[in-house]
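Quick caveat: nothing in here was measured; it's all calculated off a predicted structure.
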Amino acid sequence: MPEPKEDIFEVIHEAWPVLEIFLFVQSQWRVDSGVLVGLDYVAVKWVFELFKVKEPIKMLSDLQIIEAKVVEILSKRSGK
């Protein structure tokens, strides 16, 4: 059996805060009729409050970029 491929990605310093937030909410998705819609923003807001995010609008904007890419990739994989 072949070994699993491990991808290693460099993360620029400025992207670490939003990546950390994403990792905390990565299991909090909204699904409608079996289709991934996007992150549950109630959970996102709670995590922002928990970690005292200083610039929530900027953080949300950055998080939505990650969210959109994940939805795009998973939609392509599922054929929806």
To the nearest 0.5 Å, how far apart are [atom1] in [X] and [atom2] in [Y]?
| X | Y | atom1 | atom2 | answer |
| --- | --- | --- | --- | --- |
| Leu50 | Ile21 | CG | CD1 | 8.5 Å |
| Ile66 | Gln26 | CD1 | CD | 10.5 Å |
| Asp62 | Glu14 | CG | CD | 10.5 Å |

If every non-hydrogen atom of [X] is compared with every non-hydrogen atom of [Y], which pair is closest and at what distance?
| X | Y | result |
| --- | --- | --- |
| Met59 | Val18 | SD-CA, 3.5 Å |
| Glu67 | Leu39 | OE2-N, 2.6 Å |
| Leu36 | Val31 | CD1-CG2, 4.3 Å |

Please say whether more than 12 non-hydrogen atoms of neighbouring residues, nucleotides or ligands are located less than 6.0 Å from CG in Leu23.
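Yes.
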
Should we say atom CD of Glu55 is surrounded by more than 12 heavy atoms from elsewhere, each under 6.0 Å from it?
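No - once you tally the heavy atoms of other residues, nucleotides and ligands closer than 6.0 Å, there are 12 at most.
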
Could you work out, with side chain to side chain contact (heavy atoms under 4.5 Å, CB included) as the rule, every residue matching Ile73, not counting sequence neighbours?
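Counting only residues at least two positions away or on another chain, Ile73 forms a side chain to side chain contact (heavy atoms under 4.5 Å, CB included) with Lys69, Arg77.
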
Check whether any side-chain N or O of Ser75 sits under 3.5 Å from a backbone N or O of Val71 as a donor-acceptor pair, and report yes or no.
yes

All pairs passing ring pair (Phe, Tyr, Trp, His ring centres under 6.0 Å) where residues 10-48 contributes a residue, at least two apart:
Phe24-Phe51

Please answer: with hydrophobic residues joined when any side-chain heavy atoms are less than 4.5 Å apart, are Leu74 and Val44 in the same cluster?
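Same cluster.
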
